[in-house]
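So the structure is just underneath, and the comments pick up after that.
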Amino acid sequence: QVQLVESGGGMVQAGGSLRLSCAASGRTLSYFIMGWFRQAPGKEREFVAAMSRNGQNTNYANSVKGRFTISRDNAKNAVFLQMNSLKPEDTAVYYCATSLQFTPVNTMSAYGNWGQGTQVTVSS
């Protein structure tokens, strides 16, 4: 079992940037596809980004493509989400998660271990 802890959330004005981190313990993250999801108040959890085990393949939701960048450091057992040009509609709790799939899929059901989430609030 792997435990995930997200950090780096906060409040930022529209147009600003934040960098989220997801630290893992219990098992090396190199075993997993890593994904980021988010859930806004009153809405379902949605896919944001995912990365392959070796970091060479990525997958992004259309809503964040060109603004967000997922990365990972397997040596540090961590994954990151750089968020630029933030918009009020990016406001949500952001979660990292692991998947045993072969490719960086965007389906929530493909992900098993989840962190507790970190709040991101973007003001206009």
Side-chain angles (χ1 to χ4, degrees):
Q1 190 77 353
V2 59
Q3 291 76 44
L4 303 172
V5 178
E6 301 93 339
S7 62
M11 184 175 294
V12 64
Q13 288 188 333
S17 299
L18 283 174
R19 186 180 190 238
L20 305 185
S21 299
C22 174
S25 61
R27 195 167 185 187
T28 177
L29 288 185
S30 61
Y31 285 119
F32 303 102
I33 297 290
M34 293 303 301
W36 285 96
F37 289 77
R38 67 186 181 187
Q39 187 166 18
K43 295 187 177 181
E44 294 186 351
R45 194 170 298 189
E46 64 176 7
F47 170 77
V48 175
M51 176 169 270
S52 60
R53 289 170 175 80
N54 61 8
Q56 291 188 351
N57 295 304
T58 56
N59 186 7
Y60 292 95
N62 287 334
S63 59
V64 307
K65 203 170 292 184
R67 300 187 298 122
F68 290 11
T69 303
I70 186 173
S71 61
R72 65 192 298 164
D73 187 335
N74 287 339
K76 294 183 178 179
N77 227 29
V79 64
F80 308 97
L81 186 68
Q82 178 66 44
M83 307 186 295
N84 299 329
S85 302
L86 282 161
K87 303 175 181 180
E89 50 263 43
D90 295 318
T91 294
V93 177
Y94 283 72
Y95 301 88
C96 64
T98 64
S99 174
L100 292 173
Q101 295 292 317
F102 294 107
T103 57
V105 295
N106 61 8
T107 307
M108 196 168 68
S109 60
Y111 290 81
N113 299 297
W114 293 82
Q116 84 292 344
T118 185
Q119 176 71 47
V120 171
T121 303
V122 184
S123 60
S124 58

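Values below: every heavy atom of this structure, side chains too, minus hydrogens, waters and symmetry copies.
- Side-chain N or O atoms of Asn106 include none that pairs as donor or acceptor with a backbone N or O of Ala50 at under 3.5 Å.
- Within the model, atoms OG1 of Thr103 and CZ of Arg53 stand 9.0 Å from one another, a figure rounded to the nearest 0.5 Å.
- Between Thr118 and Ser7, every side-chain heavy-atom pair lies at or beyond the 4.5 Å cut-off.
- Here the straight-line distance linking atom CG of Asn113 with atom OG1 of Thr98 works out to 3.5 Å at 0.5 Å rounding.
- Scanning all heavy atoms of the two residues, the minimum distance from Gln119 to Ala92 falls at NE2-O, 3.5 Å.
- The shortest heavy-atom contact between Met34 and Cys22 is CE-SG, 4.5 Å.
- Within the 3.5 Å criterion, the main-chain N or O of Val122 finds a donor-acceptor partner in the side chain of Thr91.
- With rounding to the nearest 0.5 Å, the separation of CZ in Phe68 from CG in Asn84 is 8.5 Å.
- Contact annotation: the side chain of Leu29 approaches that of Leu4 to within less than 4.5 Å [non-hydrogen atoms, C-beta and beyond].
- No side-chain heavy atom of Asp90 sits under 4.5 Å from any side-chain heavy atom of Met83.
- Neither Val93 nor Leu18 shares a network with the other; the hydrophobic side chains, linked directly or stepwise wherever heavy atoms of I, L, V, M, F, W or Y lie under 4.5 Å apart, form separate groups for each.
- Between the side chain of Ser21 and the backbone N or O of Gly8 there is no donor-acceptor pair closer than 3.5 Å.
- For Lys65, the NZ atom is densely surrounded, since the number of other residues' heavy atoms within 6.0 Å is greater than 12.
- Grouping the Ile, Leu, Val, Met, Phe, Trp and Tyr side chains by contacts below 4.5 angstrom, directly or via other members, places Ile70 with Leu86.
- The side-chain heavy atoms of Gln13 and Ser123, taken from C-beta on, include a pair separated by under 4.5 Å.
- By the rule that hydrophobic residues join a cluster once side-chain heavy atoms approach within less than 4.5 Å of another member, Tyr111 and Leu20 end up as members of separate clusters.
- In terms of heavy atoms, Ala110 sits closest to Ser99 at O-OG, 2.9 Å.
- Taken to the nearest 0.5 Å, the SG atom of Cys96 stands 11.0 Å off from the CZ atom of Arg72.
- The main-chain N or O of Gln1 is never found under 3.5 Å from a side-chain atom of Arg27 such that the two would form a donor-acceptor pair.
- Using a 4.5 Å cut-off on side-chain heavy atoms (C-beta onward), Arg38 and Ser63 make contact.
- Put simply, the side chain of Val48 does not reach to within 4.5 Å of the side chain of Tyr60, judged on heavy atoms.
- Residues Phe47 and Val105 are not in side-chain contact: their nearest non-hydrogen atoms beyond the backbone lie 4.5 Å or more apart.
- Clustering ILVMFWY residues whenever any of their side-chain heavy atoms sit less than 4.5 angstrom apart, transitively, puts Ile33 in the very cluster that holds Trp114.
- Lys87 is listed as a side-chain neighbour of Arg67, based on a closest heavy-atom distance under 4.5 Å.
- A donor-acceptor contact under 3.5 angstrom links the side chains of Thr28 and Ser30, judged on distance only.
- Here the shortest heavy-atom pairing between Ser124 and Ala14 reads CA-CB, 4.3 Å.
- Between Glu6 atom CD and Tyr94 atom OH the span is 12.5 Å, to the nearest 0.5 Å.
- Linking Ile, Leu, Val, Met, Phe, Trp and Tyr whenever their side-chain heavy atoms come within less than 4.5 Å leaves Trp36 and Tyr95 in two separate clusters.
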